Amino acid sequence: MISVTFYDTKAYDRPAFEQYGALHDIRFRFLETKLNEDTVDLASGSDCVCVFVNDAVNAAVIDKMYRFGVKLIALRCAGYNNVDIRAAYGKVHVVHVPAYSPYSVAEHAAALLLTSVRRIHKAYNRTRDFNFSLNGLTGFDLHGKTVGVVGTGKIGRIFIDICRGFGMNVIAYDPFPASGTNIEYVDLDELFSRSDIISLHCPLTEQTRHIVDASAIERMKKGVVILNTSRGALIDAEALLEGIKARKIGAACLDVYEEEADIFFEDRSGHILNDELLSRLISMPNVIVTSHQAFLTQEALSNIAQTTVDNILSYYNNDGVCDNELCYRCDRIEQCKKSRNKRCF
Ligand code: NAI
């Protein structure tokens with residue numbers, strides 16, 4: 001029996017895991033608390049720890065898990081910027097779900113874009129109050145506008161297809177351009193200066209942290225719409241707020257926020273929000289915030305559970321081999337041992 005402790009679980013996480021887990025010899029323990037140095041002791045006695053985007057899997061946490069005999073950290077998400085994979089190397093193997101439904105995120109980005117430019121959020125509130133006035137609801141056509149897509153991986157390319165369906169012109173920036181596509185790649189400067197809409201679909205790395213900062217905003221068109229469904233820290237939120245206050249940014253649609261870890265995924269209504277910056281952003285008429293919801297479709301939840309269970313089974317039943325293992329050397333193919341030994345270490 002493989003024992004797995006889940007951190008940061010919500011009611012919507014459990015059904016799919018219980019369904020797939022019941023078919024196998026796995027015992028799940030679902031905790032609501034997030035993983036950090038204060039809560040890692042709860043994983044004692046587990047074979048595997050399953051974490052999500054805002055669990056803090058730092059070196060101290062990894063060392064404790066290693067001492068407890070935890071062999072595997074199974075991320076039930078794609079991004080792994082919250083895991084110190086360098087610290088995990090040689091101690092605890094790390095697996096993730098590289099793709100579960102890129103459509104869920106790309107479609108959410110498109111939903112945010114349409115909501116914002118056609119003022120659907122305002123119209124919804126008005127008509128519920130029997131206010132049928134159209135004043136202030138004038139939007140703009142997406143057709144013919146230029147969208148700049150930063151990161152043309154799985155999600156970015158689906159978002160591009162959606163934008164093309166609307167008749168938009170697409171330009172993109174990615175240090176590793178996708179081959180065999182007809183995407184017009186430009187450098188970041190050109191993307192910032194030509195785009196009416198900018199959508200971020202790259203991972204959070206040292207290179208991409210605050211890729212949208214004050215100087216980037218300065219180079220953008222007046223009235224630009226910025227979409228972020230990737231990771232909060234891609235945007236310097238203070239610079240974003242300044243750009244909005246200066247009327248430079250036409251709208252911002254944020255599914256993620258740099259300091260979301262202690263705020264998102266919880267019901268904070270009735271409480272005073274201890275984040276001035278987020279409060280100020282939310283108060284802006286041209287900002288839409290969703291709380292890291294882009295992944296949340298039935299298809300995605302089902303695929304996440306299935307792949308996570310498969311990752312765990314593969315690791316434990318296949319001599320530690322799992323195709324979805326990752327390490328800090330993986331992106332330097334010749335240095336990662338997986339290509340030779342089928343395992344990162
Ligand atoms: P992917 O790995 O398929 O694509 C990422 C792309 O970004 C790659 O083409 C890569 O070359 C590119 N990239 C790397 N460094 C870059 C840089 N400096 N500038 C521009 N592009 C760069 O990843 P996928 O599946 O498309 O996911 C993208 C991001 O979406 C994830 O990293 C994650 O942060 C976010 N995400 C958000 C979710 C949500 O619920 N809001 C759910 C799932 C993913």
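Counting starts at 1 for both ligands and their atoms, following the listed order. This is a predicted model, so every value here is computed, not measured.
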query = Going only through I, L, V, M, F, W and Y residues with side-chain contacts under 4.5 Å, is there a path from Ile183 to Leu142?
reply = yes
Would you mind writing out the side-chain donor-acceptor pairs for residues 292-300 within the sub-3.5 Å range, not counting sequence neighbours?
from	atom 1	to	atom 2	distance (Å)
His292	ND1	Glu260	OE2	2.7
Thr297	OG1	Ala300	N	3.1

Residue contacts for ligand 1, heavy atom to ligand atom, distance under 4.0 Å = Tyr100, Val105, Val150, Gly151, Thr152, Gly153, Lys154, Ile155, Tyr173, Asp174, Pro175, Phe176, His201, Cys202, Pro203, Thr208, Thr229, Ser230, Arg231, Asp255, His292, Ala294, Phe295
Taking the side chain as everything from C-beta on, heavy atoms only, tell me whether [X] gets closer than 4.5 Å to [Y].
X: Tyr315; Y: Ile2; value: no
X: Thr115; Y: Ile288; value: yes
X: Val49; Y: Val4; value: no

task = Take Tyr20 and Thr308 through the test side-chain hydrogen bond (donor to acceptor under 3.5 Å, both in side chains) and record every step on the way to the result.
result = CA-CA 10 Å; Tyr20 291 112; Thr308 303; over 6 Å; no
